[in-house]
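The block underneath contains the structure these notes are about, expressed in structure tokens.
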There are 4 protein chains.
Amino acid sequence: MHDDKTTRRAGRPRSAEKNDAILRAALDLLARQGYVRMTLDQVAAAAGVSKSTIHLRWKTKADLLTAALAAVRMAGAPPSSGDLRTDLLAILRDFARTVERVNGMALIGTCLAEEDHTPELLALLRERTVLPRRALLREVLERGREEGSVRADADLEAAVSALLGPFYADHLAGRGGRPGWAEQAVDLTLAALRPVGGR
Amino acid sequence: MHDDKTTRRAGRPRSAEKNDAILRAALDLLARQGYVRMTLDQVAAAAGVSKSTIHLRWKTKADLLTAALAAVRMAGAPPSSGDLRTDLLAILRDFARTVERVNGMALIGTCLAEEDHTPELLALLRERTVLPRRALLREVLERGREEGSVRADADLEAAVSALLGPFYADHLAGRGGRPGWAEQAVDLTLAALRPVGGR
Amino acid sequence: MHDDKTTRRAGRPRSAEKNDAILRAALDLLARQGYVRMTLDQVAAAAGVSKSTIHLRWKTKADLLTAALAAVRMAGAPPSSGDLRTDLLAILRDFARTVERVNGMALIGTCLAEEDHTPELLALLRERTVLPRRALLREVLERGREEGSVRADADLEAAVSALLGPFYADHLAGRGGRPGWAEQAVDLTLAALRPVGGR
Amino acid sequence: MHDDKTTRRAGRPRSAEKNDAILRAALDLLARQGYVRMTLDQVAAAAGVSKSTIHLRWKTKADLLTAALAAVRMAGAPPSSGDLRTDLLAILRDFARTVERVNGMALIGTCLAEEDHTPELLALLRERTVLPRRALLREVLERGREEGSVRADADLEAAVSALLGPFYADHLAGRGGRPGWAEQAVDLTLAALRPVGGR
DNA sequence: CATGAATGAGCGTTCATTCAT
DNA sequence: GATGAATGAACGCTCATTCAT
């Protein structure tokens, strides 16, 4: 009789490895194929489980993909090198690297395309990836404001959009991945935010 | 081989009205449903033709949607009020209005999502809508440079991305449609581009 | 230009043979397998068409089977040999023969079993086969009443149930197909309906 | 081999309560959903056990339902008020009440529909419910014959079918539950069985 | 013994595409 | 040219059954 701290559930426990494999495969295929084109057969094959195993855990395809997006977790604390520009650059570069690694633009595209049909996708993408990243940038900018290198009356949310926006605009223009984009975005934004007659 | 200017085909000519109706319906449905979810039956019904009529003109679904995107034409000359800020604002506002009218973010999303599978879509979207709009902005910025209100060494392409980018970033952050976004983007960009010591 | 009497519909006409083959196969399989066990694949295979052809004509499985039952048509005029007993016997024997030929008890069973789930089935079976047969019997009994061989105050609907009922009761008792059942039912019923002191 | 009266198995004995709960749930669901539509998940949920517990006792779905039908037990002794008509009526009314209470027509329908596929079902239904009821009616009729109120040469099995049959015929005609059906059936049958010149 | 996980086979339905009129 | 019929290949989902704890 084992009765440690955790109450033992009856029956065979649900495999955590399978859970992870399924969610990973689902997210990957979602980015590579889009919501509709991705099939549960593909997910099952990629995760090495049967289709029924997926349905045992998530009732519908939408549930699965919602869970897959919900499982995405964003980094942690903002960098703090002591230099405003350096910190912003670090965040933007990490952002670009992550987007490229997970085929993020296609994933963003899918969530946008499905907004009318499965609005949870975009909502989750926003909550799990977009807003946390923005919060990081905002924190760094707030530190800059305290230091005096950012104008006190600056709209920091607008500044965040100015930092991230060029990445999207460049991608749509076919200029994605261009070296120096992050520096340009940071320098342009900081130039605009510099206090009048400042430093 | 016909040597007229207009090559004449034998038999009953294909109805241009039907062509247009099909392409219009296809584009609309592409934006509202996405590539895969949109069906040819829906297009046929919306255009008031039979499904076979569509296949008679375009061999595959991808061909049809490529043609639908290729048929998109962008405005024309840049505004020229004499004031740099006013002109940029006019372009950005028209941009936002157009995107909202045609469910443009979903359309962009679809093209992004399909990039691996049907790359022509994103290429055409870029060519027909993104790049022409960017060219407009660039022209205005160049006029500003000539006038002296924009720094001579400014990277104008980066500036264009700084002008358009916040729109995308805001949308993804759930801040889309926020009033004043265009003013903020223009003011931020122009502040950064202002010649040193300049007005 | 052909314009006879019937307005010519555009496109390829829908094959009437396929229609019939599908309905026939559906009814047969419905009787042999029951509603749920019967599959559209089986119907398609038996009818020599693709599954899609079935869905082109009937939106759902329930629609198809409803149509299959609705297509069942019952005989015509009641026999009239001049002898009441003979006429009733002829109807009952034809009834039994038909039920056996089309696996009718299983079909009836399916409609009863599905009553909670697809009530149209039992309703159609009733309308197309049960009630017409009862009407026949009733007509003959009415002629008997006019002749004076059936009591004037007899409840003829109850008499009809007395004529048909033993068939069902016998089947359930495992005595189905017993020779002489029809004679027994008719004689018992007529004996009960004979006018007091009548012929 | 144990030589007790009750064979004792080794290990924890199977819970009799669970057995009963499962069989009761299975029978109820069989009547309400039909053989194929009813699922073992539903049975497990209704009985408050796991699906595996069911399979532990019965190898297949068919086995379970066979056992469920086999567990049905019919009343007991025939009523004996001293009056033939009263006794027959009592049996028929109890019959109708029982059928309605357990959704009996749907259950009968399922057994009929499954006859080709799982013939044990109809066989058991017959053995456990139909034949016992018929035996009751037959006993009462035999008493009537001894009393002289039923003709000596009457075919009592046919009479039983004449008593029960109208119930089925009425149900199929959409006249089920009609008040007075039992009286009509009894009176019609007794009238036909009355000895010639008898009381 | 009892449970919950895991699965293979299969179902109704959809859709881009091809065929016949 | 234009239509509607016909189809093969999937897809999401279900379920009786088997496996592991």
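A note on names: the letters A, B, ... follow the listed sequences, proteins ahead of strands, and every chain is numbered from 1.
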Kindly state each residue pair satisfying side chain to side chain donor-acceptor pair (under 3.5 Å) with at least one member in residues 19-28 of chain A, sequence neighbours excluded.
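Those involving residues 19-28 of chain A are A:D28-A:R32.
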
Verdict with reasoning, B:T39 to B:K61, per side chain to side chain contact (heavy atoms under 4.5 Å, CB included):
CA-CA 9 Å; B:T39 74; B:K61 184 179 181 179; 5.9 Å; no

Given atom [atom1] of [X] and atom [atom2] of [N], what is their separation to the nearest angstrom?
{"X": "C:H117", "N": "E:dG12", "atom1": "NE2", "atom2": "C1'", "result": "14 Å"}
{"X": "B:L64", "N": "E:dC15", "atom1": "CG", "atom2": "P", "result": "16 Å"}
{"X": "B:I54", "N": "F:dG1", "atom1": "CD1", "atom2": "P", "result": "16 Å"}
{"X": "A:R9", "N": "E:dA2", "atom1": "CZ", "atom2": "C1'", "result": "14 Å"}
{"X": "B:W58", "N": "F:dA2", "atom1": "CH2", "atom2": "C1'", "result": "14 Å"}
{"X": "C:L65", "N": "E:dC11", "atom1": "CG", "atom2": "P", "result": "14 Å"}
{"X": "D:Q42", "N": "F:dT14", "atom1": "CD", "atom2": "P", "result": "12 Å"}
{"X": "A:R14", "N": "E:dT3", "atom1": "CZ", "atom2": "P", "result": "16 Å"}

Closest approach of D:A25 and D:A46, non-hydrogen atoms and distance?
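Minimum heavy-atom separation between D:A25 and D:A46: CB-CB, 3.8 Å.
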
Please check if the side chain of [X] supplies one atom and the backbone of [Y] the other of a donor-acceptor pair under 3.5 Å.
{"X": "A:R128", "Y": "A:A70", "value": "yes"}
{"X": "A:E114", "Y": "A:C111", "value": "no"}
{"X": "D:T118", "Y": "D:L121", "value": "no"}
{"X": "B:T129", "Y": "B:L125", "value": "yes"}
{"X": "C:T66", "Y": "C:A62", "value": "yes"}
{"X": "B:T53", "Y": "B:V49", "value": "no"}

If you assign each of D:G48 and A:R57 to its closest nucleotide in DNA chain E, which residue comes earlier from the 5' end?
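Nearest nucleotide further toward 5': that of D:G48.
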
What does the B/S/- profile of nucleotides 16-21 of chain E look like, 5' to 3', with a 4.0 Å heavy-atom cutoff to protein?
BBBBBS

Would one find a side-chain N or O of C:S50 under 4.0 angstrom from OP1 or OP2 of F:dA6?
no

In which ranges does DNA chain F form stems of 3 or more consecutive Watson-Crick or G-U pairs, distances under 3.5 Å?
E:2-21 with F:2-21

